[in-house]
Amino acid sequence: MENADIAKIFSDIADILEIREENPFRIRAYRNGALTLENLSERLAKIVERDPKQLRELPGIGEDLAAKIVEAVTTGKISFYEKLLTQIPRTLLDLMRIQGIGPRKARLFYKKLKVESIEDLEEAAKAGKLQNLPGMGKKSERKILQAIADFRGRDSKRFSLFRVLPHVEALVDYLKNGFKGIEVTPSGSVRRRKETIGDIDILVAGGNASKIMGHFVQYREVKNVLAKGETKSSIVLNNGLQVDVRVIGKGSHGSALHYFTGSKEHNVAIRDRAKRMGLKISEYGVFREKTGKRVGGKTEAEVFKAVGLSWIPPEMRENRGEIELAEKGELPKLIELSDMQGDLHMHTQASDGSHSIEEMALAAKKAGRKYVAITDHSKAVTVAHGLDEKQMLQHMKEIDKVNEKIDGIEVLKGVEVDILKEGLLDLEDAVLEKMDVVVGSIHSHFGMEEKAMTKRILQAIETGFVDIVGHPTGRLLGERSAYAVDMEKLMDAARSNHVALELNAYPNRLDLSDIYCKMARDKGVWLVISTDSHSTAQLENMIYGIYTARRGWLEKEHVLNTRPCAEFKKILHR
DNA sequence: GCCGTTTTCGGCCCGACTGTTTTCAGTCG
């Protein structure tokens with residue numbers, strides 16, 4: 001069992017215990033445990049193998065959960081969970097994924113109507129059986145039917161950040177244009193620059209709250225209004241994206257911004273800390289618990305300062321150790337877009353790109369880069385018109401020509417060479433030898449099992465020709481999951497062979513993920529951030545790589561292409 | 001079930017909105 005599987009079981013256990021109305025703190029303990037496992041970069045199996053006692057060092061993992069993890073890793077199941085499932089059907093848990101249905105309602109429907117699944121629930125609602133239950137009515141019944149329809153229509157629940165940001169911008173403009181002197185700030189996972197977004201949260205400071213609410217729900221792209229209150233409203237856009245807006249007084253801007261930026265886990269940890277210090281934090285400010293005296297909240301910095309911390313960048317607020325660092329004053333200085341000097345992965349018309357070498361180079365210069373590597377596909381990637389040895393040599397001459405012709409940016413000769421099924425590279429050594437930059441990537445046989453896939457990539461690394469492993473897990477957000485690879489082994493091999501791993505900034509890749517970036521940072525593995533552009537416009541996607549890098553705690557020094565070209569080349573030619 | 005600068009026991013984040021109530025439970029973030 002892998003980390004995510006065990007996390008899912010802990011979360012299921014929490015749901016079941018909730019339906020059974022057990023001790024809410026015990027339930028939270030399982031939830032917290034699940035979150036810890038989700039955010040963990042190291043494989044639990046590895047930790048157990050090394051020393052099961054180390055599980056106890058993980059936040060929220062005590063004697064009990066540690067034992068369950070050991071059981072899961074060694075036997076492939078958790079007997080406590082199996083036992084629970086004999087009492088409550090697994091499909092009942094799906095009910096709680098319907099908006100407006102929590103554990104109480106799920107339990108009510110199950111007990112009174114024998115509803116065990118979403119299908120059962122739909123049937124009961126259509127038959128008018130729900131409205132007569134205690135606490136229910138006609139309106140609730142209608143809402144549930146609507147929520148079931150929404151749930152089904154909403155394809156794959158989360159939206160990629162790059163699809164969401166344009167909507168955020170439009171909404172912020174819309175709100176700002178309606179009123180004078182209000183501050184409109186995107187918060188939530190958008191502000192944390194998470195790779196996928198569940199809904200948009202927008203904070204408005206100042207202004208007439210009820211007027212702002214009235215204006216907001218009339219936004220031109222509203223499909224339906226979920227809730228409209230005095231200070232808080234939620235709408236669903238035509239594309240299925242939910243937007244929450246909250247209005248707050250200007251004096252509480254900082255505490256509200258902190259609160260609505262989250263993450264939830266970070267907030268819980270901060271509030272817990274405040275509590276231990278005799279303080280109470282809400283969206284309205286920081287207060288002394290005893291006297292109720294307000295001690296801050298106008299700015300975010302005030303909130304952090306009140307609990308003895310320096311200001312934590314939003315991208316780090318996931319309760320992955322950032323609070324401990326802030327306490328010691330040791331927060332990293334996160335990488336910024338302006339640090340990026342090179343872009344080492346892009347395609348031209350020679351393979352599957354839309355522009356010429358020169359056009360790409362000039363656009364990259366405009367985007368602020370000082371050097372680029374042109375890395376077209378090799379011949380195995382036929383769908384992308386990959387180049388064979390002869391074509392590649394010709395292409396390299398073209399690159400040389402452009403390099404001589406233009407100023408202000410250095411153009412390196414590169415290739416994105418396919419890592420074949422057996423771990424061999426798709427071009428002859430004699431050609432690879434002449435390259436400045438070799439990116440090795442997987443484009444086929446994604447379904448290989450983990451051992452074989454890991455061996456395949458390790459073998460490619462060990463040829464000595466690969467400088468960078470491109471999009472190392474092959475995932476496409478919302479489309480294709482990562483292929484199975486032992487990331488520990490891959491990173492260890494990369495480090496000992498002086499090979500860098502790519503953080504591919506293509507917005508639906510972001511591969512490596514934030515968690516793997518942090519793992520690379522911890523392990524001292526070199527990284528590069530590249531756009532994998534197929535057109536000049538895509539060179540601007542570097543910013544998405546920066547977002548993910550910042551979420552992975554990366555600093556300038558961890559990323560090779562923040563260095564000047566000469567220094568970068570020197571490192572490559574170790 | 002977890003955890004400890006008040007505690008190995010007794011706490012555990014906090015508030016808005018809705019629909020059903022006739023003062024509040026459930027859900028959500």
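Labels below follow one simple rule: chain letters A, B, ... track the order of the sequence lines, proteins then strands, and each chain is numbered from 1. Just so it is clear, the model here is predicted, and its values are computed rather than measured.
Contact annotation: A/Lys139 reaches the phosphate of B/dG19 (side-chain N/O to OP1 or OP2, under 4.0 Å). When the side-chain nitrogen and oxygen atoms of A/Ser187 are compared with OP1 and OP2 of B/dG29, none of them lie within a distance under 4.0 Å.
As rounded to the nearest Å, B/dG1 and B/dT8 have C1' atoms that lie 15 Å from one another. Comparing B/dG11 with B/dA16, their P atoms sit 26 Å apart, to the nearest whole Å. Using C1' as the reference atom, B/dT7 and B/dC2 are 14 Å apart when rounded to the nearest Å. Taking the P atom of each, B/dT23 and B/dC28 are spaced 25 Å apart, rounded to whole Å. Going from the P atom of B/dT6 to that of B/dC12 covers 15 Å, rounded to whole Å. If you take atom P in B/dG26 and the same atom in B/dT22, they sit 15 Å apart, rounded to whole Å.
A salt bridge is absent between A/Arg320 and A/Glu315; no separation between the charged side-chain nitrogens and carboxylate oxygens falls under 4.0 Å. In this structure, A/Glu71 does not pair ionically with A/Lys77, as no charged nitrogen and carboxylate oxygen lie closer than 4.0 Å.
Along DNA chain B, the nucleotide nearest A/Met213 and the nucleotide nearest A/Arg276 are compared for position; the residue whose nucleotide lies closer to the 5' end is A/Arg276.
The base of B/dG15 is not paired with the side chain of A/Tyr284 by any donor and acceptor separated by under 3.5 Å. Below the 3.5 angstrom threshold, one finds a donor paired with an acceptor across the side chain of A/Asn23 and the base of B/dG1.
Looking at A/Asp514 and A/Thr548, their side chains never bring a donor and an acceptor atom within 3.5 Å of each other.
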Report the C-alpha distance between A/Arg152 and A/Glu122 in whole Å, list the side-chain angles of each, state the deciding distance to 0.1 Å, and finish with yes or no for side-chain contact (heavy atoms from CB on, under 4.5 Å). CA-CA 12 Å; A/Arg152 289 191 176 135; A/Glu122 187 177 27; 2.9 Å; yes
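Look at B/dG15: its Watson-Crick or wobble partner, with both distances under 3.5 angstrom, is B/dC28.
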